[in-house]
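This report refers to the structure that appears directly beneath it.
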There are 2 protein chains.
Amino acid sequence: MTDKAASTQTDGRILRGEATRERVLDAAERLFAAQGFDATSIRRIAAEAGVTLGVVGFHGGAKQDLIRTVLERRVEALNSKRRARLAELRAAGSPPALRDLVDAYLTPYLEYASQGDPQWRAYARLIARIVSDDRWYPAVGGLYDPVAREYLHAMQQARPDAAQQELATALTLTVASMLSLVASRARIAGLSGRDAGSPMDYRDTLITFCLGGIDAVSRAP
Amino acid sequence: MTDKAASTQTDGRILRGEATRERVLDAAERLFAAQGFDATSIRRIAAEAGVTLGVVGFHGGAKQDLIRTVLERRVEALNSKRRARLAELRAAGSPPALRDLVDAYLTPYLEYASQGDPQWRAYARLIARIVSDDRWYPAVGGLYDPVAREYLHAMQQARPDAAQQELATALTLTVASMLSLVASRARIAGLSGRDAGSPMDYRDTLITFCLGGIDAVSRAP
DNA sequence: TGACAATTTATACGACTGTTCAGATAGTTT
DNA sequence: AAACTATCTGAACAGTCGTATAAATTGTCA
């Protein structure tokens, strides 16, 4: 007695139901990332996925729910990667250095954003769009906040004398800088003069910048 | 022989034409800032402004042009304020210190974003929305880039040994951090634990963070 | 095989979209 | 006064929007 469908056989082979569901969510992911939520119609998603209109509603529910479904599909991959890197640092013995913490938090996301698979790039782009918008953050921020809080806690242990609120603000500015490398590529490429390469090309500069910023804030009077 | 209309008298008194135009642009500014471009309909703008539908098209042109018209209306106020502060620093004698440059660039924008007049707050919010979106930046980035370039030049003089591209990237990350204080207030307040005050409340932390970041980047090997 | 459930199709609904425009109104000029 | 131009109104246009649903199709299981 499965709660979802009888279409998943006992050997785990995926039938048409799950497959088209993935196609729909992939299409929604790409279009939401490229154009934003309001500029993307359900009909366009259906066309991009190669299905008819009703299928999108059948698999994705209402449009409002669709965007959260898309995010939830991959959120665990990003979270567990960040958690794993944090666990590695802790397993190494003494409390992790600030630089390693910044690196461990930023790099997994930049890797997704620079990956060959356009679907993962779209996911990273969508995160940047959604998380930095106050209209969406209340609905989806809870997906990523817990891990950020773990890192914040580790950073507070690395800088015990720093004011907690200041350190937390520094982390949010770090996240904003990270997201901007994915969402504001035109602006960054335009002003920095580089050809717009992948976000990964800016990794070293980003880490240096954010680490310097956090370090400065955690030494403030 | 005026190019716009015969409704502007020789003594400069503004008649109904210009006044309603302002009302329309004000309404568009508020709604675009609060909901974004795609989620805002022309009819909603008309209702908010207290005019009929056709008036919006008459004064604002096509919807695409409307957003640029809204931004252009106030762009000179922000640019000249930043230019004036830069000129002051230069008039003081020796090349400006990095900290003063960062302060001079960030503060005028934060002041607008924290001002009592909700119209200026909306303008600041709209900038944050538009400039950090690759879909809009090509159309409006040119309004703000020249001043940013002047500051970049001054920063390069303050740090002659820094790699130019790295310094430019650090400035774009600074801008991203600044904009996030206005566009991502929910996220920042949520993670930093503060009650969401005005962006100005974060000014000191922001300046410390960005200055530390730029400083670190400009010392990189 | 037939009964059953999951999935897909095709279509329709009412509401809303951006844009256009003929005609009404108001203020200025001659 | 009349002529003229800028501004505003109200309505219409052809699409697109999100959502719902009856009917057709597909695969599974008894």
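Just the heavy atoms: all of them, side chains too, but no hydrogens, waters or symmetry mates, feed the values below. Each chain gets a letter, A, B and so on, in the order the sequences are listed, and its residues count up from 1.
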* Asked: What pairs meet the ring-ring contact (aromatic ring centres under 6.0 Å, His included) rule with one or both residues in residues 62-84 of chain A, with sequence neighbours excluded?
  -> none
* Asked: What ring-ring contact (aromatic ring centres under 6.0 Å, His included) pairs are there with at least one residue in residues 166-210 of chain B, not counting sequence neighbours?
  -> A:Phe209-B:Phe209
For atom [atom1] of [X] and atom [atom2] of [N], their distance in whole Å:
X	N	atom1	atom2	answer
A:Gln35	D:dC17	CD	P	11 Å
B:Phe58	C:dA22	CZ	C1'	15 Å
B:Glu22	D:dT7	CD	C1'	16 Å
B:Asp38	D:dG18	CG	C1'	16 Å
B:Glu18	D:dT7	CD	P	7 Å

* Mind checking ring-ring contact (aromatic ring centres under 6.0 Å, His included) for B:Tyr151 and listing every partner two or more places apart, or none if nothing turns up? => B:Tyr105
* **Residue list, ring-ring contact (aromatic ring centres under 6.0 Å, His included) with B:Tyr137, at least two apart or on another chain** => none
* To do: Report the relative orientation of the aromatic rings in A:Phe32 and A:Phe37; use parallel for angles under 30°, tilted for 30 to 60°, perpendicular for over 60°.
  => tilted
* Is any NZ, NE, NH1 or NH2 atom of the basic residue among B:Glu29 and B:Arg73 found under 4.0 Å from an Asp or Glu carboxylate oxygen of the other? -> yes
* Asked: Is the distance from OP1 or OP2 of C:dT8 to the nearest side-chain N or O of A:His59 less than 4.0 Å?
  -> yes
* A:Thr20 side chain N/O closer than 4.0 Å to the phosphate oxygens (OP1, OP2) of C:dT8? -> yes
* **Minimum-distance nucleotide (side-chain atoms of A:Val55 versus D:dC8, D:dT19, C:dT9)** => C:dT9
* Asked: A:Glu72: what forms a side-chain hydrogen bond (donor to acceptor under 3.5 Å, both in side chains) with it, not counting sequence neighbours?
  -> A:Arg68
* Asked: In chain order, what residues pass the side-chain contact (heavy atoms from CB on, under 4.5 Å) check against B:Thr107, with sequence neighbours excluded?
  -> B:Arg85, B:Asp103, B:Glu111, B:Met200, B:Arg203, B:Ile207
* Structure fact -> As a check of understanding: the bend across the helix from C:dT1-D:dA30 to C:dT29-D:dA2, end axes from five pairs, rounded to 10 degrees, works out to 10°
Distance-only donor-acceptor hits, side chain of residues 174-185 of chain B, under 3.5 Å, sequence neighbours excluded:
residue	atom	partner	partner atom	Å
B:Thr174	OG1	B:Ala170	O	2.9
B:Ser177	OG	A:Ser177	OG	3.1
B:Ser177	OG	B:Leu173	O	3.0
B:Ser180	OG	B:Ser177	O	2.7
B:Ser184	OG	A:Ser132	O	3.1
B:Arg185	NH2	B:Gly197	O	2.5

N/O contacts under 3.5 Å, protein versus nucleotides 10-17 of chain C?
residue	atom	partner	partner atom	Å
C:dT17	OP1	B:Ser41	OG	3.0

